[in-house]
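Structure first, then comments.
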2 protein chains.
Amino acid sequence: MPKKRVTSQDVADLAGVSRTTVSLVLNDVKGFKITEQTRQRVRHAAEKLGYIPNATAQALATRRAKAIGLVMTRSPHHIASDPFLPQILSGLLEVVKGHQFRLLIESVEPEHQDREYLELVRAKHIDGMILLTPRIDDTALRRLEEIDTFTVVMGKLADSNLYSVDVDNQLAARKATQYLIDIGHTRIACISNAPASFSSAHERVLGYKDALVASGIAPEDEMIRYADFDPQSGFDRMKSLFTSGREFTAVFVASDNVAMGAKAALREAGLRIPDDISIMGFDDIPWAQYSDPPLTTVRLPARELASRACLLLLDLMRGSDPVDKNLVLDTELVVRKSCRKL
Amino acid sequence: MPKKRVTSQDVADLAGVSRTTVSLVLNDVKGFKITEQTRQRVRHAAEKLGYIPNATAQALATRRAKAIGLVMTRSPHHIASDPFLPQILSGLLEVVKGHQFRLLIESVEPEHQDREYLELVRAKHIDGMILLTPRIDDTALRRLEEIDTFTVVMGKLADSNLYSVDVDNQLAARKATQYLIDIGHTRIACISNAPASFSSAHERVLGYKDALVASGIAPEDEMIRYADFDPQSGFDRMKSLFTSGREFTAVFVASDNVAMGAKAALREAGLRIPDDISIMGFDDIPWAQYSDPPLTTVRLPARELASRACLLLLDLMRGSDPVDKNLVLDTELVVRKSCRKL
DNA sequence: CTACACTATTAACACGTGTTAGTAACACGA
DNA sequence: TCGTGTTACTAACACGTGTTAATAGTGTAG
């Protein structure tokens with residue numbers, strides 16, 4: 001019942017040549033003279049037997065797995081509610097498939113980071129890795145720089161010389177906040193996307209403050225909250241803003257996902273968007289435009305971010321030395337209906 | 001600079017034993033008597049050298065990759081907008097990690113299915129696979145039954161004897177529709193989640209019809225539309241329902257994601273939810289409860305579906321023969337605010 | 001002293017491929 | 001005849017592990 005495994009030896013036997021020749025022909029190795037006739041024979045034999053090379057053996061022999069890993073340093077809960085994952089995966093898959101690579105997904109628990117990074121790489125199941133939204137304080141990450149492994153970070157890591165692909169979070173947040181100011185708002189609250197230890201959260205708040213300061217408005221820490229990725233935390237932080245006693249006519253929520261929860265809190269408080277309060281999002285997740293009202297937000301090119309990271313990684317592994325270690329993609333303000341002119 | 005690779009031979013040398021002994025000790029192979037003393041020596045040596053076995057070589061020797069594949073037969077576009085992917089991944093990762101397996105993501109283009117399935121399996125990069133929402137007419141899938149590979153389908157495949165994990169889509173849709181009837185609706189439209197060739201879409205429409213018939217209401221094909229997974233298609237189908245000239249007081253949308261678009265269309269038409277039209281969703285994606293109004297829907301246990309599929313697959317590979325080939329998980333009606341009592 | 005069992009360990013092979021060094025076969029000019 | 005290339009291959013090793021059959025070493029009964 002279990003079909004006999006077809007090896008290159010079988011192909012060689014059928015074609016009446018050596019196993020070496022089979023390898024040379026099928027891999028189209030240059031620098032070897034092989035008759036067109038025998039080439040045909042080998043290809044025919046391979047076709048007839050339905051020969052599919054054993055990828056594991058190839059990996060062992062060539063010392064490259066032809067696979068890259070997407071490594072996430074998050075809890076299962078956060079993975080489950082990450083609205084970007086599908087886009088990122090889509091971007092990665094497309095590139096990876098085009099280059100005949102495989103994609104491995106790995107999540108490392110914050111506790112075991114030290115060991116897990118090493119195992120992943122040294123076990124040689126992957127040739128390189130793409131690191132997703134690492135924490136600023138990720139010490140284990142530092143060690144990666146000492147390891148001879150190709151790594152591209154999605155999201156920037158301060159003081160690191162790893163390759164990275166990211167948007168300019170600070171500038172994007174600044175532009176978003178500036179827009180609110182431009183249409184007349186001066187009392188603007190802020191809910192960031194994640195705890196301040198995450199670089200993206202930190203930078204977005206900085207951009208928010210930049211815009212305020214540039215217009216002569218003094219930022220107040222009491223009007224800033226740090227959410228925790230998911231809608232529920234947005235709901236909670238918004239209520240927390242209410243109870244702070246501060247007045248505001250607009251709120252910049254540095255994550256559409258978090259904004260979903262924030263909006264629910266506004267609704268619960270009987271406030272209307274944008275009539276009573278304007279809300280500015282960040283990310284432009286697929287549901288933002290179908291929200292009620294359609295959410296004004298900053299488009300984060302998630303898919304392209306992923307595919308560019310992947311291309312960069314492949315370049316790196318191919319031996320080339322890309323000029324810009326830190327690739328920065330553009331964001332775009334997407335004006336919809338959730339912000340009102342004052 | 002590139003650190004010398006540490007092999008089991010190095011460990012053996014340092015410990016003063018043979019490579020075989022190293023393997024026996026580190027893998028804790030039973031049936032061999034080895035002094036506790038040498039065990040210690042080997043473990044110490046391994047620790048000191050930071051020995052991490054080469055997974056590829058292990059895979060080749062043991063003939064199992066210790067990896068499973070998540071295989072999706074979808075276009076990149078549909079992957080990017082799939083709201084379940086994060087939950088599924090989360091469920092899979094949790095189980096996979098617990099069993100020291102790796103997770104490989106693969107998407108196969110509908111055109112090349114025949115060959116790709118085979119390559120995936122025969123190349124032996126994975127020991128088994130989980131198939132996501134296959135199409136009813138997927139002929140290549142049929143061949144999998146002939147191959148000696150462990151496969152678990154998420155979503156049911158008619159007339160197949162592959163193992164599967166799914167919910168009872170028909171029953172769930174019936175209960176959802178029944179709820180609408182129970183609160184007084186009789187003119188109920190339906191927008192399914194996907195083209196009819198997808199089993200889940202087909203079954204959900206059947207359930208919808210079941211409920212109508214059971215209450216003496218004649219289903220009309222003019223009140224049924226088939227969407228295409230994403231919000232945009234929901235938007236389009238809802239407008240299509242308007243132009244059909246049929247009147248309805250409620251609509252059952254067999255996908256929350258599609259419902260997002262449908263709601264936008266209702267809004268554009270100046271209809272209020274649930275005052276003018278009640279809307280029932282399906283899936284309970286994370287954003288459903290933060291929608292305005294919070295969406296009444298049917299909870300699909302996506303994460304559990306994934307983890308159960310994974311557990312089933314692991315059982316299968318371990319050689320056990322599970323009693324129920326087709327596991328069916330329960331759904332639950334989640335009543336929120338998008339449906340009004342007539 | 002011999003035969004035998006038992007213990008702790010290892011030599012040797014297998015897994016399926018890529019790749020380098022080498023070799024027969026043949027032609028060709030001197 | 002001999003040396004020199006050239007062509008078209010192939011034998012043999014490497015990759016790093018798991019696993020089986022065998023082997024020294026040691027006590028024990030006959």
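In what follows, chains are A, B, ... by sequence order, proteins preceding strands, each numbered from 1. Bear in mind that the values here come from a model prediction, so they are computed numbers and not experimental data.
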**Report entry** Enclosure of Glu36(A) CD (heavy-atom neighbours >12, cutoff 6.0 Å)
**Finding:** yes
How would you label the contact of [X] with the nucleic acid (heavy atoms, under 4.0 Å): base, sugar-phosphate, or nothing?
{"X": "Thr56(B)", "answer": "nothing"}
{"X": "Thr35(A)", "answer": "sugar-phosphate"}
{"X": "Thr21(B)", "answer": "base"}

Return the nearest nucleotide to the side chain of [X]; candidates are [options].
{"X": "Ala57(B)", "options": "dA12(C), dG16(D), dT20(C)", "value": "dG16(D)"}
{"X": "Ser23(B)", "options": "dG18(D), dT9(C), dT10(D)", "value": "dG18(D)"}
{"X": "Tyr51(B)", "options": "dT17(D), dG16(C), dA8(D)", "value": "dT17(D)"}
{"X": "Asn27(B)", "options": "dT10(C), dT20(C), dG18(D)", "value": "dG18(D)"}

Do the side chain of [X] and the base of [N] come within less than 3.5 angstrom through a donor-acceptor pair of N or O atoms?
{"X": "Arg19(A)", "N": "dT17(C)", "result": "yes"}
{"X": "Thr20(A)", "N": "dT19(C)", "result": "yes"}
{"X": "Thr7(B)", "N": "dT17(D)", "result": "no"}
{"X": "Ser18(B)", "N": "dA11(C)", "result": "no"}

Report task. Taking only Lys NZ, Arg NE, NH1 and NH2, and the carboxylate oxygens of Asp or Glu, determine whether Arg74(A) and Asp82(A) approach each other closer than 4.0 Å. Result -> yes
Query raised in the report: Under 4.0 Å between a Lys/Arg side-chain N and an Asp/Glu carboxylate O for Lys97(A) and Glu106(B)?
Result: no
